[in-house]
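All remarks here apply to the structure that follows.
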Amino acid sequence: MQPEEIHIKFPEGNPLDLPKATTAREALIKRGQGSLKKIVAARLNGESIDLTRALSQDGTLEPIFENDPEGLEILRHSTAHLMAQAVKELFPEVKLAIGPAIEQGFYYDFAKKDPFTPEDLPRIEEKMRALSQGNIPIVREEFSREEAIRLFSSQGESFKVEMLEELTEPTVSLYRQGNFVDMCRGPHLTSTNGSRFYKLTHVAGAYWRGDEHNPMLQRIYGTAFFEKKELDDHLFRLEEARRRDHRRIGRELDLFSIHDEVGPGLVIYHPKGAMLRTLLEDFEKKEHLRRGYEIVIGPQLLRADLWKKSGHYENYRELMYFTEIDGQGYGIKPMNCLAHMMIYKSKVRSYRDLPKRYFELGTVHRHEKSGVLHGLMRVRQFTQDDAHIICTPDQLQDEIRGVLNFVAEVMKIFQFDFEVEISTRPEKSIGSDQDWARAIEALIFALKANGLSYSICEGEGAFYGPKIDIKLKDALDRRWQCATIQCDFTLPERFDLQYVGADGERHRPVMVHRVILGAMERFIGVLIEHYAGAFPTWLAPVQAVILSVTDRNASYCQKVFQDLLATGIRVELDIRNEKLGLKVREAQLQKIPYMVVIGDKEEEQGSISPRTRSGENLGSWSVPQFIDRIREESVPGKQ
RNA sequence: GCCAGCGUAGCUCAGUUCGGUAGAGCGACUGAUUUGUAAUCAGUUGGUCGGGGGUUCGAAUCCCUUCGCUGGCUCCA
């Protein structure tokens with residue numbers, strides 16, 4: 001090997017000795033395997049680099065393909081730059097902030113005096129198309145930090161300068177395409193014509209660095225794919241998500257409403273929505289009782305003094321509603337824990353009594369900021385399937401594992417995928433460092449014991465303890481926090497909870513706060529989008545509707561209706577003087593699982609003709625046969 | 001809360017550029033039709049143009065203000 005040569009290995013095939021400064025692209029060509037078409041970038045000793053990057057050291061070189069997750073990220077990142085280039089050409093006065101790839105696409109933040117309007121997007125896209133067709137090479141350049149600061153200062157790019165000033169690296173990489181220069185780690189595509197299938201989706205405000213004390217920037221969101229079909233599929237999925245929007249379906253299926261006159265974030269359940277919620281609550285009570293929970297009920301208002309004692313007043317006040325009664329301050333509960341602690345304290349507890357598991361479908365109020373309210377997903381009054389487990393420190397692991405199993409079993413019934421996060425101590429919090437460390441350890445241990453993988457969110461915990469959050473994925477692929485398990489060593493301390501141990505001494509129990517579905521409101525919202533309103537039979541507010549063919553069949557329909565009703569089936573009767581086709585259509589739009597057709601033929605035979613909402617005609621059935629079918633499907637988890 | 005957009009009949013929307021007495025489809029209601037598996041026909045009804053204030057001879061339209069809704073504000077060049 002010559003001194004000016006470098007030794008490059010590949011994941012597959014023989015290593016090569018190549019002249020120094022050979023580009024990654026040339027090296028991959030020399031490797032002589034397949035086409036370079038689907039290769040976006042490369043990885044040298046694990047570091048992602050541009051295909052045009054000159055190799056300066058020995059190492060292992062692997063290609064990054066279009067269908068690698070990182071390949072798509074690179075495309076989107078480059079498309080974000082392309083968009084920024086287009087924006088700078090159309091609006092030279094804008095300043096650049098940042099423009100990363102994100103899960104669904106990419107964005108770029110700009111500072112602009114007059115905000116972008118939706119009408120600007122097609123113009124920007126058009127400019128992007130022209131720049132893309134121009135096939136402008138994307139070139140990486142290395143600058144010293146000072147040079148880069150000088151360059152961006154001269155261009156008035158104050159955000160770039162601010163970022164550079166906080167960096168410690170002596171050199172930074174800049175990427176140049178035509179007149180456009182951006183500071184960026186890369187890697188990028190080699191030319192602007194790599195971005196071909198993209199769409200700018202919306203504009204929004206975003207604080208500089210996500211901090212509400214910083215100036216508001218204008219963010220443009222977009223997405224990009226390597227293939228047209230992938231882009232079309234993505235746009236179709238967005239459309240489908242709009243069709244599944246729980247706010248729309250909630251109105252169409254007459255489940256709930258939210259009114260100005262009543263107040264923002266306050267939900268009114270109509271009969272069918274109330275039925276759905278009742279079904280969920282009945283399910284929950286049963287599931288809790290069979291796992292050794294006791295049902296309790298606390299008051300809506302508690303003395304402000306008690307909220308001071310618990311630390312809520314100090315740490316949670318902005319989200320609480322307060323009032324005064326007979327000269328005494330009261331707070332409307334934003335959480336259910338206080339009453340549960342009072343129940344525990346009402347007696348001397350022995351270690352033999354533990355764990356105590358108090359369950360409450362507890363309605364709470366929180367003063368959420370107006371801008372975050374969203375349908376059923378984010379409201380100001382909601383009901384939690386809340387429980388507090390008070391146990392000995394020795395029992396803690398098992399209790400947390402028990403809750404994790406509970407969550408997994410319930411999510412399986414609803415066919416939800418979920419992700420797990422652990423949140424650690426926030427700035428505003430109470431309790432000793434030692435307790436926090438113990439609590440986090442307990443949560444992690446339980447997760448590991450249950451074989452669940454998790455990510456860590458630093459500083460996202462509750463003020464009284466760390467938590468495990470379970471995030472469901474909804475139709476828009478947004479994650480919704482539903483279940484959460486929170487470890488608490490602090491409130492037992494503050495409320496002086498005790499139990500008598502085997503040694504006859506008094507000890508401090510620990511407490512676990514936990515919800516399974518979370519808030520009933522949010523969970524119902526997620527369910528609506530999950531099932532697109534077509535609830536499985538066990539959850540359907542109306543399980544069957546009886547449809548008469550003519551007025552002649554009305555009284556027989558009435559009889560069948562009464563028979564079904566008497567067995568507890570949730571059934572409706574449609575004997576309007578309308579055509580069968582219309583009734584079927586309306587039942588179909590209401591997503592009722594079964595339509596029971598009754599005409600002269602059925603009346604003569606004493607039968608019924610059920611049909612499913614998927615359009616399957618089940619033929620001639622007896623009423624008992626149909627009752628059995630519905631009963632069978634009324635079991636939670638059955639479809 | 002902040003930025004932007006939006007708010008017209010129960011729903012979906014037109015009308016706002018350029019001020020001149022408010023429209024459509026669906027729904028609802030009434031009647032006819034006696035109907036067989038996703039829309040029968042006809043007629044009728046329907047709005048303090050989110051609220052308040054201002055400009056004007058005149059405001060859905062222009063201005064101010066207020067309420068609400070929607071998207072976003074975490075994913076670090």
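Note: hydrogens, waters and symmetry copies are ignored here, and every other heavy atom, side chains too, is used. Lettering follows sequence order; numbering is per chain, from 1.
Note: NE2 (His259(A)) to C1' (G7(B)) measures 17 Å, nearest angstrom. Between Lys369(A) atom NZ and G71(B) atom P there is a gap of 18 Å when expressed in whole angstrom units. Taking atom CG of Asp109(A) as the reference point, atom P of C75(B) lies 9 Å away to the nearest angstrom. Asp245(A) places its CG atom 15 Å from the C1' atom of C11(B), with the value rounded to the nearest Å. Across the protein-nucleic acid pair, Gln104(A) atom CD and G72(B) atom P stand 11 Å apart, rounded to whole Å. Rounded to an integer number of Å, the gap from CD of Glu368(A) to P of C2(B) is 16 Å. Atoms CZ (Arg585(A)) and C1' (C26(B)) sit 10 Å apart, rounded to a whole Å. We find that CD of Glu603(A) is positioned 14 Å from C1' of U34(B), with the value rounded to whole Å.
In this structure, a donor-acceptor pair under 3.5 Å is absent between the side chains of Arg76(A) and Tyr198(A). Judged by distance alone, the side chains of Thr424(A) and Glu458(A) do bring a donor and an acceptor atom under 3.5 Å apart.
If you take atom P in U55(B) and the same atom in G1(B), they sit 30 Å apart, rounded to whole Å.
The shortest distance between the side-chain N/O atoms of Arg251(A) and the OP1/OP2 oxygens of U12(B) is below 4.0 Å. Distances shown here put a side-chain N or O of Arg247(A) below 4.0 Å from the OP1 or OP2 atom of G71(B).
Mapping His202(A) and Val172(A) onto RNA chain B by nearest heavy atom places His202(A) closer to the 5' end of the strand. Sequence order on RNA chain B of the closest nucleotides to Gly371(A) and Arg613(A) puts Gly371(A) first from the 5' end.
Comparing G68(B), C73(B), A38(B) by their closest approach to the side chain of Leu589(A) singles out A38(B). When the nucleotides G68(B), C76(B), G72(B) are ranked by their closest atom to the side chain of Tyr221(A), G72(B) comes out on top. Closest to the side chain of Tyr107(A), out of G71(B), C75(B), A38(B), is C75(B). Nearest to the side chain of Arg552(A), among U34(B), C73(B), C75(B), sits U34(B). Here A38(B) is the nucleotide among C76(B), A38(B), C73(B) with the atom lying nearest to any side-chain atom of Arg611(A). For Leu582(A), the side-chain atoms get nearest to U40(B) when compared with the rest of C75(B), U40(B), G71(B). With distances taken from any side-chain atom of Ile102(A) to the nucleotides G36(B), C69(B), C76(B), the minimum falls on C76(B). Of the candidate nucleotides C69(B), U34(B), U37(B), U37(B) has the atom lying nearest to any side-chain atom of Val597(A). Among the nucleotides G72(B), G1(B), G36(B), the one closest to the side chain of Met216(A) is G72(B). The nucleotide whose nearest atom lies closest to any side-chain atom of Val372(A) is, among U37(B), C76(B), G1(B), G1(B).
No N or O donor and acceptor, one from the side chain of Gln218(A) and one from the base of G72(B), sit under 3.5 Å apart. Side chain Tyr207(A) to base G72(B): no donor-acceptor pair is found below 3.5 Å.
Nucleotide G43(B) forms a pair with C29(B), judged by Watson-Crick or G-U wobble geometry with both contacts under 3.5 Å. Look at C6(B): its Watson-Crick or wobble partner, with both distances under 3.5 angstrom, is G68(B).
Classified by interplanar angle (parallel below 30°, tilted 30° to 60°, perpendicular above 60°), the ring pair His188(A)/His81(A) is tilted. Using a 30° and 60° split on the angle between ring planes, Phe91(A) and Phe116(A) fall in the perpendicular class, above 60°. Relative orientation of the Tyr316(A) and His312(A) rings is perpendicular, given thresholds of 30° and 60° on the angle between their planes.
Under a 4.0 Å N-O distance rule, the pair Arg43(A)/Glu70(A) qualifies as a salt bridge.
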